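Heads up: the structure comes next, in structure tokens.
This one's a predicted model, so the numbers in the text were calculated from it and none came from an experiment. Every heavy atom of this structure was used, including side-chain atoms; hydrogens, water molecules and symmetry mates were not.
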Amino acid sequence: MLEDKNQEKTTLAELGEFGLIKHLTQYFNISQESTIKGIGDDCAVVFSEGKETLVTTDLLIEGVHFDLSYMPLKHLGYKAVMVNLSDVYAMNATAEQITVSIAVSNRFPLEALEELYAGIQLACETYNVDLIGGDTTSSTKGMLLSVTAIGTAKKEDVVYRNTAKPTDLIVVSGDLGAAYLGLQVLEREKQVFQVDPQNQPDLENYTYLIERQLKPEARKDVAGVLAELNIKPTSMIDISDGLSSEIMHIATQSKVGCKIYEDKLPLDPQVISACEEFDIDSTMVALSGGEDYELLFTVPIGDFDNIKGNPNFSIIGHITEENQGMNLVTRSGQEMELKAQGWSSFKSE
């Protein structure tokens with residue numbers, strides 16, 4: 001059957017703010033023991049006796065952080081949660097609650113926000129976190145989406161950025177660069193569609209790249225894998241703005257230098273083939289692409305035997321003394337100064 005294009009849409013004004021919140025959150029269930037009170041009062045109440053509480057927040061703005069011409073709203077909701085959970089996992093902590101605040105213009109009907117919240121709900125259920133509050137308001141143009149995540153960890157388990165030591169190994173989970181290339185594919189197909197709306201994109205060769213861009217997964221599993229290996233990282237950060245930017249954060253805050261080895265960077269075969277197609281250097285993509293939401297961390301060199309060969313991780317370099325600088329060692333053995341070329345929302349167009 002053909003879809004009825006003239007289905008009636010429900011305006012947000014019909015529900016009002018509190019009616020909208022009640023409608024969008026009616027299917028969210030509480031799963032965490034630490035959630036004492038969720039949605040429905042002036043404040044949420046959480047409890048974490050004997051643990052550190054970690055809080056992180058991100059603001060996503062239409063036209064700056066996402067493009068709804070190719071980002072489905074359900075995927076946007078899911079990704080907005082992942083962005084924040086990834087920060088919690090980067091502290092070696094457990095994410096337990098989130099709050100979600102949105103501002104939308106009158107071009108969005110209720111059904112659009114139901115799609116957005118379906119993605120948020122899927123993320124909550126998949127990662128076992130509770131939605132405990134937030135806010136809704138109007139926007140003069142477009143959509144703004146803010147998610148705050150709350151996590152906990154034992155004091156001795158929390159891992160910071162400023163505690164890397166010389167001789168530590170630099171390790172990364174997963175692979176790098178796919179999310180950036182997924183964005184390039186989607187932008188290219190958007191331009192083709194604008195020229196010829198009848199053109200249907202063939203994305204079969206880019207499935208992994210597009211999934212990494214539209215539906216990233218936070219690395220909740222890394223803490224458990226490291227615990228099984230009896231390894232505690234000396235520092236850790238998530239890769240949201242690009243590998244080079246993130247290792248420079250660790251090095252600067254820890255007052256150390258670093259060496260990253262080009263031939264050790266983990267690249268998926270689709271990344272390599274797409275780089276050839278787009279005529280982009282794969283090393284640049286791995287270093288500066290961003291939005292991979294993998295975890296970058298350092299471990300004592302004594303843990304080399306425990307971590308080497310583990311399929312979850314790649315050892316890509318080591319920490320040096322601060323006076324040695326922050327460098328990339330190329331395949332030919334040359335050293336080049338690392339530069340933070342990751343994405344920034346404050347760059348001029």
Side-chain angles (χ1 to χ4, degrees), residues 3-5 7-31 35 38-40 44 56-88 95-150 179 182-183 186 190 210-218 240 291 293 345:
E3 181 183 357
D4 181 4
K5 300 294 185 182
Q7 294 178 26
E8 281 195 29
K9 301 295 184 182
T10 309
T11 66
L12 301 183
E14 292 180 48
L15 282 83
E17 180 182 358
F18 296 110
L20 176 62
I21 293 171
K22 183 177 180 180
H23 180 86
L24 293 175
T25 60
Q26 61 185 314
Y27 300 115
F28 285 78
N29 298 311
I30 299 300
S31 62
T35 303
I39 295 167
T56 181
T57 191
D58 272 286
L59 176 64
L60 303 177
I61 300 174
E62 184 180 356
V64 177
H65 302 98
F66 59 90
D67 186 335
L68 291 178
S69 65
Y70 51 71
M71 168 67 83
L73 284 164
K74 187 172 183 178
H75 286 73
L76 175 62
Y78 192 91
K79 183 173 181 177
V81 178
M82 290 305 108
V83 169
N84 286 273
L85 299 191
S86 182
D87 282 333
V88 175
E96 296 182 350
Q97 292 90 13
I98 62 167
T99 67
V100 176
S101 295
I102 58 171
V104 290
S105 66
N106 58 13
R107 89 170 199 263
F108 292 94
L110 173 63
E111 288 73 16
L113 298 193
E114 287 176 337
E115 279 292 298
L116 178 74
Y117 271 73
I120 294 170
Q121 183 178 357
L122 178 61
C124 287
E125 292 173 350
T126 303
Y127 285 79
N128 195 31
V129 298
D130 294 338
L131 175 66
I132 61 168
D135 193 19
T136 61
T137 190
S138 60
S139 164
T140 54
K141 57 180 180 179
M143 174 183 288
L144 295 84
L145 177 60
S146 178
V147 178
T148 296
I150 303 167
L183 180 61
L186 291 167
K190 176 185 174 181
I210 291 171
E211 181 178 8
R212 292 280 279 179
Q213 171 58 220
L214 295 184
K215 191 176 177 289
E217 300 291 348
S240 55
E291 289 200 296
Y293 300 108
S345 61

*Can you find a heavy atom in the side chain of L85 that is under 4.5 Å from one in the side chain of I98?*
yes
*asked:* The criterion is side chain to side chain contact (heavy atoms under 4.5 Å, CB included); which residues satisfy it with E217, sequence neighbours excluded?
replied: Y78, M82, Y127, K215
_All salt bridge (charged side-chain N to carboxylate O under 4.0 Å, His left out) counterparts of E96, not counting sequence neighbours_ = none
*CD1 of I102 to CG of D135: how many Å apart, nearest 0.5 Å?*
9.0 Å
*Is the closest side-chain heavy-atom distance between T10 and E111 below 4.5 Å?*
yes
*Is the shortest distance from a Lys or Arg side-chain nitrogen in E291 or R212 to a carboxylate oxygen in the other one below 4.0 Å?*
no
*asked:* Could you tell me if the side chain of L60 sits less than 4.5 Å from the side chain of L144, heavy atoms only?
replied: no
*Measure the spacing between CG of L145 and NE2 of H65 and express it to the nearest 0.5 Å.*
10.5 Å
*For residues K79 and Y293, report the shortest heavy-atom separation together with the two atoms involved.*
CE-CE1, 4.5 Å
*Are any of the side-chain heavy atoms of D58 and D87 separated by less than 4.5 Å?*
yes
_Qualifying residue for side-chain contact (heavy atoms from CB on, under 4.5 Å) with Q97, from D130, L131, T148_ = D130
*Note, I132 side chain near I150 side chain (heavy atom, < 4.5 Å)*: yes
*Please report the closest heavy-atom contact between S138 and A103, naming both atoms and the distance.*
O-CB, 4.1 Å
*Less than 4.5 Å apart, any side-chain heavy atom of M143 and any of L113?*
yes
*side-chain hydrogen bond (donor to acceptor under 3.5 Å, both in side chains) with N128: which residues, sequence neighbours excluded?*
S31
_Please report the interatomic distance NE2(H75) to CD(Q213), rounded to the nearest 0.5 Å._
11.0 Å
*asked:* Are L116 and F108 packed together at the side-chain level, in the sense that at least one heavy-atom pair is separated by less than 4.5 angstrom?
replied: no
*Any side-chain heavy atom of L110 sitting closer than 4.5 Å to one from T11?*
no
*Rounded to the nearest 0.5 Å, what separation is found between the NZ atom of K190 and the OG atom of S69?*
4.0 Å
*asked:* Could you report the tightest heavy-atom contact between G142 and E62, atom names first, then the distance?
replied: CA-OE1, 3.1 Å
_For D67, I'd like to know if atom CG has over 12 heavy atoms of other residues, nucleotides or ligands within 6.0 Å._
yes
*asked:* Checking I210 now: which residues fulfil side chain to side chain contact (heavy atoms under 4.5 Å, CB included) with it, not counting sequence neighbours?
replied: V185, L186, L203, Y206, L214
_The criterion is side-chain hydrogen bond (donor to acceptor under 3.5 Å, both in side chains); which residues satisfy it with E211, sequence neighbours excluded?_
none
*Would you please test V129 and C124 for side-chain contact (heavy atoms from CB on, under 4.5 Å) and show each step?*
CA-CA 5 Å; V129 298; C124 287; 3.9 Å; yes
*How far does CE of M71 sit from CZ of F66, to the nearest 0.5 angstrom?*
8.5 Å
*In chain order, what residues pass the side-chain hydrogen bond (donor to acceptor under 3.5 Å, both in side chains) check against E114, with sequence neighbours excluded?*
H23
*For T57 against S146, the heavy-atom pair lying closest together*: OG1-OG, 3.7 Å
